[in-house]
A.B. asks: 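The following block contains the structure, expressed as structure tokens.
Numbers restart at 1 for each chain; the letters A, B, ... are given by sequence-line order, proteins then strands. Just so we're clear, the structure is a prediction, and the values are computed from it rather than from any experiment.
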2 protein chains.
Amino acid sequence: MTSASELTDHTGYWMRMVSNAVSHEFARKVSGEDVTVAEWSFMRALYDCEPTPPSVLAERMGMTKGAISKLGERLVAKGLVERAESQQDKRAHSLSLTTAGRAKIPILAALADANDAEFFGVLTKEEHEMLDRILRILAERRELKATPVD
Amino acid sequence: MTSASELTDHTGYWMRMVSNAVSHEFARKVSGEDVTVAEWSFMRALYDCEPTPPSVLAERMGMTKGAISKLGERLVAKGLVERAESQQDKRAHSLSLTTAGRAKIPILAALADANDAEFFGVLTKEEHEMLDRILRILAERRELKATPVD
DNA sequence: TCGATTAAGTTTCCTAGTCAACAACATTGA
DNA sequence: TCAATGTTGTTGACTAGGAAACTTAATCGA
């Protein structure tokens with residue numbers, strides 16, 4: 001027999017709950033900069049390595065090509081990202097941050113810092129490091145088994 | 001100056017990435033039972049404590065009243081949940097699992113077990129326990145500061 | 001060299017949420 | 001007792017993302 005207490009004993013459940021809370025609060029914070037969490041994620045991925053084709057972003061962000069297509073278009077419309085058509089392949093293009101986009105990065109990063117501090121500041125240094133370490137192990141693992149999302 | 005490596009060093013970022021992967025895979029698993037992650041979450045919340053008014057579920061699940069209203073209606077349509085009108089308050093009602101809904105709980109719980117095992121099985125017992133402990137601390141903390149979502 | 005297949009992005013349709021306006025009912029206080 | 005205010009849940013407009021069909025271009029193989 002499955003007892004009620006067992007049912008809440010899923011790590012995935014707690015993770016979703018905490019992650020949602022963190023993301024929700026972060027969304028609130030960045031909305032002041034007229035940016036969504038997905039947009040920040042997109043911009044940061046670009047910052048790490050640009051110019052980048054949408055297909056690569058899709059894989060890195062775990063989103064579909066369609067979603068990236070729309071998200072990219074929104075960011076271009078906001079003037080934070082720009083496209084460069086490829087000469088080798090007329091279907092393809094690559095994306096980069098604009099000067100304005102690049103300028104926003106430190107501001108948004110500061111908000112992310114603040115959000116992290118707000119949520120994870122209750123942990124001891126040891127707990128926080130352990131959490132980071134564990135999340136990286138899991139993310140890395142995901143990388144290996146990642147089924148193409150599309 | 002903010003360096004590129006700092007930007008991926010947000011715990012919230014990794015948490016969202018891992019949580020999304022876990023939830024996505026879980027969604028795939030439960031879709032075989034014709035249930036969504038939100039529906040499972042709803043049913044489990046009910047299982048813990050029924051009958052429950054929608055307003056309480058909304059708070060417990062961190063969703064808006066509107067979302068709960070629609071989610072509940074879907075579950076009633078699927079025959080997994082039933083409403084009972086309140087006599088004291090003619091606006092209100094409460095929700096419970098039907099026999100069919102209750103019967104599904106162990107099946108879905110088994111899928112959640114499998115999903116947890118699949119993702120968190122790579123961790124050592126010590127790491128897994130630590131992760132659970134930390135997530136509970138964070139969830140509890142969230143509880144305290146939870147702004148009504150609506 | 002040209003048809004078939006594959007690849008890169010876009011678009012359309014659908015689902016599931018939020019938000020805000022709302023209707024119905026309850027409560028409270030003069 | 002009844003108007004003002006608060007509460008419960010629903011609805012409609014809107015948004016973001018997924019799935020799959022589609023367009024266009026590249027590549028591959030006889």
A.B. asks: For Ala92(B) and Ala38(A), take the nucleotide of DNA chain D holding the closest heavy atom to each; which residue's nucleotide lies nearer the 5' end?
C.D. replies: Ala92(B)
A.B. asks: Rounded off to whole Å, could you give me the CZ-to-P distance for the Arg16(A) and dG17(C) pair?
C.D. replies: 11 Å
A.B. asks: Applying side-chain hydrogen bond (donor to acceptor under 3.5 Å, both in side chains), can you list everything that pairs with Glu82(B), at least two apart in sequence or on another chain?
C.D. replies: none
A.B. asks: Leu57(B) has an atom CG; how far is it from atom P of dT8(D), in whole Å?
C.D. replies: 14 Å
A.B. asks: Which residues within residues 70-85 of chain B lie with some heavy atom under 4.0 Å of an atom in DNA chain D?
C.D. replies: Lys70(B), Arg83(B)
A.B. asks: Applying side chain to side chain contact (heavy atoms under 4.5 Å, CB included), name anything that partners Glu33(B), two or more places apart in sequence or on another chain.
C.D. replies: Lys104(B), Ile107(B), Leu108(B), Leu111(B)
A.B. asks: What distance separates Met63(B) CE from Ser69(B) OG, expressed to the nearest 0.5 Å?
C.D. replies: 10.5 Å
A.B. asks: Less than 3.5 Å apart, any donor N or O on the side chain of Ser86(A) or Gln88(A) sitting next to an acceptor on the other?
C.D. replies: yes
A.B. asks: For dA7(C), does OP1 or OP2 lie under 4.0 Å from any side-chain N or O of Ser55(A)?
C.D. replies: no
A.B. asks: Which angle, to the nearest 10 degrees, lies between the helix axes at the two ends of the helix from dT1(C)-dA30(D) to dA30(C)-dT1(D), each defined by five pairs?
C.D. replies: 10°
A.B. asks: Could you give the CD1-to-P distance, from Ile68(A) to dT11(C), as a whole number of Å?
C.D. replies: 15 Å
A.B. asks: Grab the NE2-P distance between His93(A) and dA25(D) for me, whole Å please.
C.D. replies: 15 Å
A.B. asks: So does Glu25(A) pair up with Arg28(A), basic N to acidic O under 4.0 Å?
C.D. replies: yes
A.B. asks: Please produce a list of atom pairs where a protein N or O lies less than 3.5 Å from an N or O of nucleotides 22-27 of chain C.
C.D. replies:
{"from": "dC25(C)", "atom 1": "O2", "to": "Arg91(B)", "atom 2": "NH1", "distance (Å)": "3.1"}
{"from": "dA26(C)", "atom 1": "OP1", "to": "Gln88(B)", "atom 2": "O", "distance (Å)": "3.4"}
{"from": "dA26(C)", "atom 1": "OP1", "to": "Lys90(B)", "atom 2": "N", "distance (Å)": "3.1"}
{"from": "dA26(C)", "atom 1": "O4'", "to": "Arg91(B)", "atom 2": "NH2", "distance (Å)": "3.4"}

A.B. asks: Rounded to whole Å, how long is the line connecting atom CG of Asn20(B) with atom P of dG17(D)?
C.D. replies: 11 Å
A.B. asks: Thinking salt bridges, do Lys125(A) and Glu129(A) make one under a 4.0 Å N-O criterion?
C.D. replies: yes
A.B. asks: Categorize Thr36(A) for me: base, sugar-phosphate, or nothing, with a 4.0 angstrom heavy-atom threshold over every strand shown.
C.D. replies: nothing
A.B. asks: Could you please name the option among dG9(C), dG9(D), dG17(D) that lies closest to any side-chain atom of Pro54(A)?
C.D. replies: dG9(C)
A.B. asks: Mind checking what makes side-chain hydrogen bond (donor to acceptor under 3.5 Å, both in side chains) contact with Arg91(A), not counting sequence neighbours?
C.D. replies: Asp89(A)
A.B. asks: Taking only the side-chain nitrogens and oxygens of Thr64(A), find out if one of them lies under 4.0 Å from OP1 or OP2 of dG17(D).
C.D. replies: no
A.B. asks: dA19(D) C1' sits how many Å from Arg28(B) CZ, rounded?
C.D. replies: 15 Å
A.B. asks: Roughly, in whole Å, what's the span from CE in Met63(B) to C1' in dC19(C)?
C.D. replies: 14 Å
